[in-house]
2 protein chains.
Amino acid sequence: MSATPTSTKERILDVALELFVEQGYDKTSLRQIADRLGVTKAALYYHFERKEDIFLELHLRMHRLGSDVLDELDGLGPDEIVTAWPHVLDGFVDQVLANRDLFLLHQRNENAFKQIVDDERHRAENEDIEERFRALLADAAIPLEQRVRMACSIGAALLPLMGGDVFGDVDPGEIAGYAREAVRGLLGGQ
Amino acid sequence: MSATPTSTKERILDVALELFVEQGYDKTSLRQIADRLGVTKAALYYHFERKEDIFLELHLRMHRLGSDVLDELDGLGPDEIVTAWPHVLDGFVDQVLANRDLFLLHQRNENAFKQIVDDERHRAENEDIEERFRALLADAAIPLEQRVRMACSIGAALLPLMGGDVFGDVDPGEIAGYAREAVRGLLGGQ
DNA sequence: GTCTATATTTCGATAGAC
DNA sequence: GTCTATCGAAATATAGAC
């Protein structure tokens, strides 16, 4: 096992993710990131033009996760979406489990993300996942009751997995199992 | 109907709440608050010693709401808590509906709140609601499955009501109605 | 209670040597 | 690719007049 030769750029992103989750994007200075990494502030500017770009790069990681989930629903009709939803949610739980820090980053920095998404560069190239989610929940072809249930199921799946050690020292996988059951109860009971 | 003679302190809090929800606590400067209110920055310092204190005061408003909910469970045994939970959740939905801006404030500024809660003054006097919630979900006397369901139900109730106009131009009360049903499905199906 | 003016600090970002 | 040094902007907070 050779030491993983992670690129500096990657290491910056990892440290930034840590700090953004701990303290928030706004309260984290480039100096803190550089210090924890053992370099100087100026070095960061060789890899990223702006502080915002570090944040944006992390956002794109999450963006890719969300796209995978939503692609499953591409081209489906209203009824088929409702039918496929439980399976989609199950995949969603998997992704939250496997990428908890990324989801924490988003949950704890909602405002910072909102401002980045409303920005020039980003909006131009790729439409945002939140936008696609919105479109899904705004689709009048699906009965409102079903759409609200879909939204509820996301919240139900997300909250218990985001709390850290709220339930004491329990295996996250066990929590996820119970959460899946709960979500099935929510979606199953017509 | 006479114009409500709201005190300046109260008006500062209202304007601050607006801006903190729109832009986030960190990205909102005292200058912006003062401008929207039609006074100068220095005037704010007559009413609040620090910027943080404005935020703290808004946090306490929410704190009181949460305490009302949790007080219902005071002194109950594990089984009784589980039994009472659906009713608690129903009251919770009512409060979210009636105080959406306060809940939005918290949702969009999680990091800022975390730092304030970890602070001297605040921790000393009154234990935080989040702490009481944590204690509830960590209570080993309640089966883990039930506790996860409780957490899920909070997420399920919260998410659809926080999205703004995600569902199009629909009455929030109608959304809340469907959300209550969904939560019942989640909690009812053993 | 609100103002003008200013002190103080911190941060993002750049220039240029190595 | 990383460093030292510094600029310029913006923010919190204070002092003191009215």
Side-chain angles (χ1 to χ4, degrees), chain A residues 3-59 105 109 111-116 118-122, chain B residues 3-59 108-109 111-116 118-122:
Chain A
T4 340
T6 319
S7 72
T8 302
K9 189 161 181 172
E10 210 68 31
R11 290 173 59 228
I12 293 174
L13 287 168
D14 290 341
V15 169
L17 175 55
E18 276 179 30
L19 284 166
F20 292 166
V21 167
E22 285 174 27
Q23 314 177 329
Y25 171 73
D26 298 292
K27 288 241 162 66
T28 300
S29 67
L30 293 176
R31 201 184 106 77
Q32 284 179 298
I33 298 175
D35 281 359
R36 186 173 289 198
L37 211 103
V39 296
T40 60
K41 217 173 35 168
L44 304 182
Y45 278 93
Y46 174 81
H47 299 277
F48 297 93
E49 281 192 19
R50 288 170 293 270
K51 178 189 180 188
E52 213 188 88
D53 291 348
I54 301 179
F55 199 52
L56 183 58
E57 191 73 26
L58 290 171
H59 175 60
L105 176 72
N109 293 281
N111 270 299
F113 278 112
K114 195 159 54 98
Q115 277 161 343
I116 281 210
D118 291 349
D119 197 81
E120 337 78 66
R121 289 182 301 287
H122 192 233
Chain B
T4 338
T6 319
S7 71
T8 301
K9 188 161 182 171
E10 210 67 32
R11 291 172 58 229
I12 293 175
L13 288 168
D14 290 341
V15 169
L17 176 55
E18 277 178 29
L19 285 167
F20 292 167
V21 168
E22 286 174 26
Q23 315 177 329
Y25 171 72
D26 299 291
K27 286 240 163 64
T28 300
S29 68
L30 294 176
R31 199 184 107 79
Q32 284 179 299
I33 298 175
D35 281 359
R36 186 175 288 199
L37 211 102
V39 297
T40 60
K41 221 172 33 169
L44 304 181
Y45 278 94
Y46 174 82
H47 299 278
F48 297 93
E49 281 191 20
R50 286 171 294 270
K51 180 190 178 187
E52 212 187 89
D53 290 347
I54 301 180
F55 199 53
L56 183 58
E57 191 74 27
L58 291 171
H59 175 60
R108 298 195 180 161
N109 294 280
N111 269 298
F113 278 112
K114 195 161 54 97
Q115 276 160 345
I116 281 209
D118 292 348
D119 198 80
E120 337 76 67
R121 291 183 301 286
H122 191 233

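Naming convention: chains lettered A, B, ... in sequence-line order (proteins, then strands); numbering from 1 in each chain. Below, all heavy atoms of this structure are taken into account, side chains as well, without hydrogens, waters or symmetry copies.
Side chain of A:Lys114 to main chain of B:Glu22: a donor-acceptor pair is present (N/O by atom type, distance under 3.5 Å, no hydrogens or angles). Put simply, the side chain of A:Lys51 gets close to the backbone of A:Thr28: a donor and an acceptor are under 3.5 Å apart.
An angle of 10°, rounded to 10°, separates the two end axes of the helix from C:dG1-D:dC18 to C:dC18-D:dG1, each defined over five pairs.
If you take CG of A:Leu44 and P of C:dG12, they are 10 Å apart, rounded to a whole angstrom. Here C:dA13 presents its P atom at 19 Å from OH of A:Tyr46, a figure rounded to the nearest Å. Following rounding to the nearest Å, B:Tyr45 (OH) and C:dT4 (P) show an atom-to-atom distance of 16 Å.
For the atom pair CD1 of B:Ile54 and CZ of B:Phe20, the computed distance is 5.5 Å after rounding to the nearest 0.5 Å. Atom CG of residue B:Leu13 and atom CG of residue B:Leu37 lie 10.0 Å apart, to the nearest 0.5 angstrom. One finds the CZ atom of A:Arg36 at 5.0 Å from the CD atom of A:Glu18 (value rounded to the nearest 0.5 Å).
Listed by residue number, B:Val39, B:Thr40 are the residues of residues 15-40 of chain B with a heavy-atom contact under 4.0 Å to DNA chain C.
Here chain A contacts DNA chain D (any atom closer than 4.0 Å to a heavy atom, that is under 4.0 Å), and the contacts span D:dG1 to D:dT4 from 5' to 3'.
In this structure, the salt bridge (charged side-chain N to carboxylate O under 4.0 Å, His left out) partners of A:Lys27, at least two apart in sequence or on a different chain, are B:Asp26. Scored by the side chain to side chain contact (heavy atoms under 4.5 Å, CB included) test, B:Arg31 finds B:Ser29, B:Asp35, B:Lys41 as partners (sequence neighbours excluded). Every salt bridge (charged side-chain N to carboxylate O under 4.0 Å, His left out) that A:Arg50 has, sequence neighbours left out, goes to A:Asp53.
Take the nearest nucleotide of DNA chain C for B:Arg11 and for A:Arg50: the residue whose nucleotide is more 5' is B:Arg11.
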Could you please spell out the steps behind the side chain to side chain contact (heavy atoms under 4.5 Å, CB included) verdict for B:Val39 and B:Ile12?
-> CA-CA 10 Å; B:Val39 297; B:Ile12 293 175; over 6 Å; no
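Put simply, the side chain of A:Tyr46 does not reach to within 4.5 Å of the side chain of A:Thr8, judged on heavy atoms.
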